[in-house]
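Along the sequence shown, the residues carry numbers beginning at 1.
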Amino acid sequence: MKQRLFKVFALLLTLIAVMSLVACGGGDSKNTDLTGTTWALSGGSQGDTTVDKATLETLLGGEMTFTFAEEGKVTMAMSGVEAEGTWTQDGDKVTVEAGGQSNTMTIDGDKLLLEQGDITVEFTKK
C-alpha cells in the first residue's frame, strides 16, 4: 500500500514539475524579496506521507530550482533543462508564469511551497 502511494505521489509530482517546465529566506515571509535568490527542491509530501530531497531528486532525475531575477524574470531548471518565464510577488504569494500557464507558490518562513491538492513540493533558499 505504501509503495503504491509513493508511485502515485511520484506521478503527480512529475506532472507538477512538467507543468512548471512547460509553464514556466527566513523571517517574515511578507517581507521576503525573492529578487536575486535561487530556491532548490528540498522535499515534499502527500497528505501525511513525506518524501525527502534525495528521493525526489532520484524520481525527477536531478536537482530542481527556481531562480528569481530582477525585472520579474524567473528561470526554472530541472535535470539540466531550463525554462524561462516571469514572476510577481504579492506578500507571501509568488506567481510564476510561462508558456501561458501560471503557478502560485507560498512563502512560509524559509520555505517556498508549491501546493496542488494534498501534494506539497517544498523548496529552500540556496
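In this structure, L60 and L41 have side chains that are in contact, with non-hydrogen atoms separated by less than 4.5 Å. Residues E115 and T106 have side chains in contact (heavy-atom distance under 4.5 Å, counting atoms from C-beta outward). Looking at heavy atoms from C-beta onward, L34 lies in side-chain contact with I107 at the 4.5 angstrom threshold. Residues V74 and T67 form no side-chain contact, since every pair of their non-hydrogen atoms from C-beta on lies 4.5 Å or further apart. At a threshold of 4.5 Å between non-hydrogen side-chain atoms, the residues L112 and E122 do not count as touching. Residues N103 and L114 meet the side-chain proximity criterion, which asks for heavy atoms closer than 4.5 Å. Contact check for M64 versus E57: no side-chain heavy atoms found under the 4.5 Å cut-off. Side-chain contact between V96 and M105 is present, with at least one heavy-atom pair separated by less than 4.5 Å.
In this structure, Q89 contributes its side chain and G91 its backbone to a donor-acceptor pair below 3.5 Å. For D90 (side chain) and K93 (main-chain N/O), no donor-acceptor pair under 3.5 Å exists by modelled atom type. Remark: side-chain polar atoms of T58 are paired, donor with acceptor, to backbone N or O of A54 under 3.5 angstrom.
Rounding to the nearest 0.5 angstrom, the gap separating the CD atom in E84 from the OG1 atom in T75 is 4.5 Å. With values rounded to the nearest 0.5 angstrom, T120 atom OG1 is found 12.5 Å from K111 atom NZ. Between the OG atom of S45 and the CG atom of D118 there is a distance of 8.0 Å, given to the nearest 0.5 Å. Between atom CH2 of residue W39 and atom OG1 of residue T124 there is a gap of 7.5 Å, rounded to the nearest 0.5 Å.
Nearest heavy-atom pair across S79 and G62 is OG-N, 3.8 Å. The two atoms that bring G85 and A98 nearest to each other are CA-CB, 3.8 Å, heavy atoms only. Between A40 and K126, the shortest heavy-atom distance links the atoms CB-CG, 3.7 Å.
Among pairs with a residue in residues 71-104, those fulfilling ring pair (Phe, Tyr, Trp, His ring centres under 6.0 Å) read F68-W87, at least two apart in sequence or across chains.
Shown here are the side chain to side chain donor-acceptor pair (under 3.5 Å) partners of T86, two or more places apart in sequence or in another chain: there are none. Scanning for salt bridge (charged side-chain N to carboxylate O under 4.0 Å, His left out) contacts around K73 gives an empty result, with sequence neighbours left out.
With no hydrogens or angles considered, no side-chain donor-acceptor pair links T38 and T65 at under 3.5 Å.
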